[in-house]
Structures are given as C-alpha cells and as structure tokens.
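Every number for a ligand or one of its atoms is a count from 1 in the order of the listing. The figures here come from the full heavy-atom set of this structure, side chains too, leaving out hydrogens, waters and symmetry mates. Position 1 is the first residue of the sequence, and the numbers go up from there.
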Amino acid sequence: MISKPFLRLLENSQPPETPPIWLMRQAGRYLPEYRATRETAGGFLDLCYNPALAEEVTLQPIRRYGFDASILFADILLIPQALGQKLWFETGEGPRLTPIMDASTLDGSDIMATLAPVIETVGRLSKSLPAETTLIGFAGAPWTVATYMVAGRGTPDQAPARELAEQQPEAFQAIIDVLVEATIEYLHAQVSAGAEVVQLFESWAGSLTGAAFERWCIEPVAKVVQGLRGRGVSVPIIGFPRAADHDMADYVARTACQILGLDTFADRKSLAANLPKEIILQGNLDPLTLVEGGAKLDAAIDEILQDFEGRRFVFNLGHGIVPQTPPEHVAQLVNRIRKN
Ligand code: CP3
C-alpha cells in the first residue's frame, strides 16, 4: 500500500474518508518564518535559485501544518528568464520583464543551465520531506507565461498577449512553441529529480474564449502532457485552467490531465455532479474566506466537503493563499478537514 494519502487517491477508485489537503502558495508571506528566510536570501529570485533556502521555505508549511503535499518553491516566470528574457520583481508590485513581440530573442538551447538550482531543490526535497508527503513540481501553462512575456508585467485583462495572438498569430505561435518545449524539458527534469505530481498553472485561462481558448490554452497544454508522456513521465498531472468558463470535461479529455483544479468561482455542485468520476477534482475554498476564519470558514469548508461527497478530490484553495492570511486560520482549516 502506498503510504502517501495524495498518491493513494490516484490508486483507488473510491474516495478516502479524509481528502488530502495542500494549498496553492502555501509557502509565502503569510508565514513569519518565510519572511525571515526571504530576508536572508536577498530578493525573491535569489530565494528561488538558492536550493538550501528554497528547500527550507518549501518545508516550512509542512512542518507547521503537515499538509499531504508539498509544492516546490519556485516561480512560473523562471522559464522566460531561462530563455534569456530579463526578469525582475518590483517590491510590492510584482514581476517585470522586458516585453517581447516574437520568439527571435528567445534561446531554448540550454534552459537547464539557469534552472539547475531549482532541480537541485527538488532533489533535496525528495530526500527531506516526510515519507507521507507528496512532492508536487510545477510550471506555468504556456499561455499564462506568454501573457507576462508579451506585456512585460501582470495585466488585468492580458490585452497585450491577446492582441498579439489576434494580430500576429504566427509570431505568437512561435513564442508558445518555445514555451511548450521548455516546459516539457523543465518538468521532465523535475520529475527525474523526484517530483511525484506536476501542476500546470493556467491562471489566465479566463481571458480566452472559443477558438482562441482551444489554440492557446488547450493545445499547448495537451502538447506538454503528450511531450512528457513521450519522454516516459508517468506522474499524475494537475491542470488548473483558472476562471475558464468552458466545458471542463472536454478540457480534461483533450489535455489528458488526471486532476482538475477548480477556482474559487467554479460551480462546484454541478461540476461534481456532471464530470466523469475518473476526474479527480481539486479546490476551491475562497482564499478570502481563509482570511476571515471563524464560523464562516468552518461553514465554507463543510459545504465543500459536502458538495464533493462521493468523489475523489483534493482539498485546496481556489487560488493562492494571500499574504494577510492569519496562520492560525490555516491550522483551523487543516484541523477541520482531519476532524482533529
Ligand atoms: O505555491 C507555492 O507555494 C509554490 C511557489 C509559487 C510561487 N508562485 C511563489 C511566489 C508558485 C506555484 C507560483 C506560481 C505563480 N507565479 C503563478 C501562478 C499562480 C497564480 O498565482 O496565479 C503566477 C501568475 C506567478 C507570477 C508571480 N509571482 C506574480 C504575479 C507574483 C507577484 C504577486 C505576489 O503575490 O507578490 C509572483 C511573486 C511570488 N511567487 C511570491 C511567491 C511566494 C511573492 C514574492 C515575495 O516573496 O515577495
């Protein structure tokens, strides 16, 4: 029998009594110990590329809460950096990149030279994590990463990338193609170093509809999954097409993900009732309810447990944990799930 509750979920066709739990962005600024380690590292990127400190911050939430899964500490924007794009983080604002309009300046020939420290972090974690904790690797899905590469920053509506995709589809396709190859290589390396599951973050799926969603979200993710399988990578894959108001059964079937991440606003009841039972769901507590805590948090947790009853699912948030979350509310959540 597999000793890891998260992996066991994939082996059995019946749901366990207690769902496995982890939280997106579980290592982060809401934890004082994260803030302290980050200070030691220098900047956020220095932390991502420092295997000993990245290992430490990945382990911090596991020590505190004993989550069933641990997500590698890194960022989805390390791939553009490894492709030669300049990346930095403006304090209090977020990522900045020198914007690109085509793939001419991208060089995918040796991305692992830049990403090697991240792979070292994975290797360290696979040895230092508790035996029952599953190690999750990740990358951004190509469309979401491309939105930052084209705009040079986060945008409310991803307009620069949508415009480029619309007006110069070949130039945009070339960027996506480079990302697909780089993502396969990077995730393959993560799994070879010990990642047991991988998640593809498609945070900006919601800004595409119809044929654009097919071409820029579904197809690239399907190619990444196929590319990984072609390289003998057999680990479960979590797809997280956030805010995508589309046919989720179709998304799962066409991308061939095993686990579907649901965002905060997903219609849990109808998805739980209508999606094929083989699809494992993940989500979708509102991160702001976790900030609120108390009876509201308990009620929201119970509602999720009830809506997913009879299905295999992974308890998580609908998006990343926010910095103002009181750490004791996370303890309240884990205790309630585990009925401690
Ligand atoms: O989940 C985890 O604990 C693992 C680490 C992780 C981070 N970012 C660390 C991080 C993961 C999986 C990500 C994914 C990521 N990064 C996404 C996809 C998920 C999502 O949130 O939509 C995106 C879009 C990014 C790009 C990114 N990184 C942005 C837009 C920002 C700025 C916003 C913010 O929260 O400050 C980051 C910075 C970032 N990535 C932080 C962390 C812990 C905060 C940096 C800090 O310590 O100051």
Next item on the list: Taking all non-hydrogen atoms of both residues into account, name the closest pair between Phe172 and Ala165 and its distance.
Entry: CD2-CB, 3.6 Å
Checklist line | Residue pairs fulfilling salt bridge (Lys or Arg N to Asp or Glu O under 4.0 Å) with at least one residue in residues 87-102, sequence neighbours excluded | finding: Glu93-Arg96
Note to self: Using side chain to side chain donor-acceptor pair (under 3.5 Å), reason through Thr144 and Glu202 one step at a time and then give a plain yes or no.
What the structure shows: CA-CA 5 Å; Thr144 290; Glu202 189 77 281; 2.5 Å; yes
Check ligand 1 for close polar pairs with the protein: N or O on both sides, less than 3.5 Å.
residue: ligand 1; atom: 1 (O); partner: Arg25; partner atom: N; Å: 2.6
residue: ligand 1; atom: 3 (O); partner: Gln26; partner atom: N; Å: 3.3
residue: ligand 1; atom: 3 (O); partner: Ala27; partner atom: N; Å: 3.3
residue: ligand 1; atom: 8 (N); partner: Arg25; partner atom: NE; Å: 3.1
residue: ligand 1; atom: 8 (N); partner: Asp75; partner atom: OD1; Å: 3.2
residue: ligand 1; atom: 16 (N); partner: Asp75; partner atom: OD1; Å: 3.0
residue: ligand 1; atom: 21 (O); partner: His319; partner atom: NE2; Å: 3.2
residue: ligand 1; atom: 22 (O); partner: Ser203; partner atom: OG; Å: 2.5
residue: ligand 1; atom: 22 (O); partner: His319; partner atom: NE2; Å: 2.8
residue: ligand 1; atom: 28 (N); partner: Asp75; partner atom: OD1; Å: 2.7
residue: ligand 1; atom: 35 (O); partner: Arg25; partner atom: NH1; Å: 2.9
residue: ligand 1; atom: 35 (O); partner: Arg29; partner atom: NH2; Å: 2.6
residue: ligand 1; atom: 36 (O); partner: Arg29; partner atom: NH1; Å: 3.3
residue: ligand 1; atom: 36 (O); partner: Arg29; partner atom: NH2; Å: 2.8
residue: ligand 1; atom: 40 (N); partner: Asp75; partner atom: OD1; Å: 2.9
residue: ligand 1; atom: 47 (O); partner: Tyr34; partner atom: OH; Å: 2.5
residue: ligand 1; atom: 47 (O); partner: Arg38; partner atom: NH1; Å: 3.0
residue: ligand 1; atom: 48 (O); partner: Arg38; partner atom: NH1; Å: 2.4

Notebook entry, point to check: Where is the tightest heavy-atom contact between Arg29 and Tyr34, given as atom of each residue plus distance?
Noted result: N-CD2, 3.4 Å
Margin query: For Gln167 versus Pro169, what's the shortest heavy-atom pair and its separation?
Written below: C-CD, 3.4 Å
Note to self: In terms of relative ring orientation, are Phe308 and Phe313 parallel, tilted or perpendicular, with 30° and 60° separating the classes?
What the structure shows: tilted
